[in-house]
Amino acid sequence: VHSPKTIDVTPGLTVLNAISQAGGPLFAADTNEIKILRQGAGHETKTVVVNLNDIKDAQTPDVLVQANDVIDVTYSPVRIPGYAIYYAMQGLVSFAPAALIVSGIP
């Protein structure tokens with residue numbers, strides 16, 4: 001997500017709402033396999049997997065977030081190269097003018 005952070009769990013908070021509050025998924029996110037790490041009875045952790053695309057398309061109901069849930073939005077191996085190229089180009093565009101000024105090239 002764009003801004004990973006702790007979000008207050010309020011009544012009716014869903015996975016889609018929580019991800020939206022964190023700025024939404026990045027381009028390289030694997031939105032087909034969002035993992036919710038949930039504390040079960042005792043100290044065991046249960047993993048619930050949801051497909052954010054199916055939730056957005058209203059094919060699957062959205063999942064309510066519970067206290068202490070951790071929503072894990074992982075990277076898609078297929079999308080990482082494109083994401084890396086995008087950020088490299090963004091850095092080039094951002095820093096190239098400053099580098100020219102510092103080097104004295106008009």
Side-chain angles (χ1 to χ4, degrees):
V1 293
H2 286 277
S3 302
K5 60 183 176 179
T6 301
I7 297 171
D8 292 331
V9 177
T10 56
L13 179 69
T14 64
V15 172
L16 182 60
N17 295 139
I19 291 173
S20 295
Q21 286 184 33
L26 294 171
F27 171 78
D30 183 0
T31 53
N32 292 321
E33 196 171 300
I34 306 292
K35 294 177 184 153
I36 305 166
L37 306 174
R38 183 169 284 169
Q39 288 181 332
H43 292 290
E44 62 188 55
T45 301
K46 183 172 105 173
T47 302
V48 179
V49 179
V50 296
N51 185 323
L52 197 61
N53 297 325
D54 287 350
I55 292 171
K56 286 179 183 179
D57 295 339
Q59 296 176 358
T60 304
D62 205 348
V63 177
L64 288 173
V65 176
Q66 297 178 6
N68 300 319
D69 278 358
V70 175
I71 301 171
D72 184 20
V73 182
T74 59
Y75 288 107
S76 165
V78 175
R79 291 182 163 196
I80 287 177
Y83 190 63
I85 292 169
Y86 167 77
Y87 270 100
M89 294 304 293
Q90 186 179 27
L92 199 64
V93 170
S94 298
F95 296 113
L100 290 175
I101 291 170
V102 170
S103 68
I105 300 174

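On a predicted model such as this, the values are computed, not experimentally measured, just so you know.
In this structure, Val50 shares a hydrophobic cluster with Val1, Ile7, Val9, Leu13, Val15, Leu16, Ile19, Ile34, Ile36, Val48, Leu52, Ile55, Val63, Val65, Ile71, Val73, the cluster being traced through Ile, Leu, Val, Met, Phe, Trp and Tyr side chains under 4.5 angstrom apart.
Contacts of Asp69 classified as salt bridge (Lys or Arg N to Asp or Glu O under 4.0 Å), with partners at least two apart in sequence or in another chain: Arg38. Remark: Leu37 engages Thr45, Thr47, Val70 in a side chain to side chain contact (heavy atoms under 4.5 Å, CB included) (not counting sequence neighbours).
Residue pairs meeting the salt bridge (Lys or Arg N to Asp or Glu O under 4.0 Å) criterion with at least one partner in residues 14-33, sequence neighbours excluded, are Glu33-Lys35. Within the structure, no pair that satisfies the salt bridge (Lys or Arg N to Asp or Glu O under 4.0 Å) test touches residues 53-65, not counting sequence neighbours. Listed by first and then second residue, the salt bridge (Lys or Arg N to Asp or Glu O under 4.0 Å) pairs that reach into residues 12-26 come to none, sequence neighbours excluded.
Rounded to the nearest 0.5 Å, atoms CD (Gln39) and CD (Glu44) are 10.5 Å apart.
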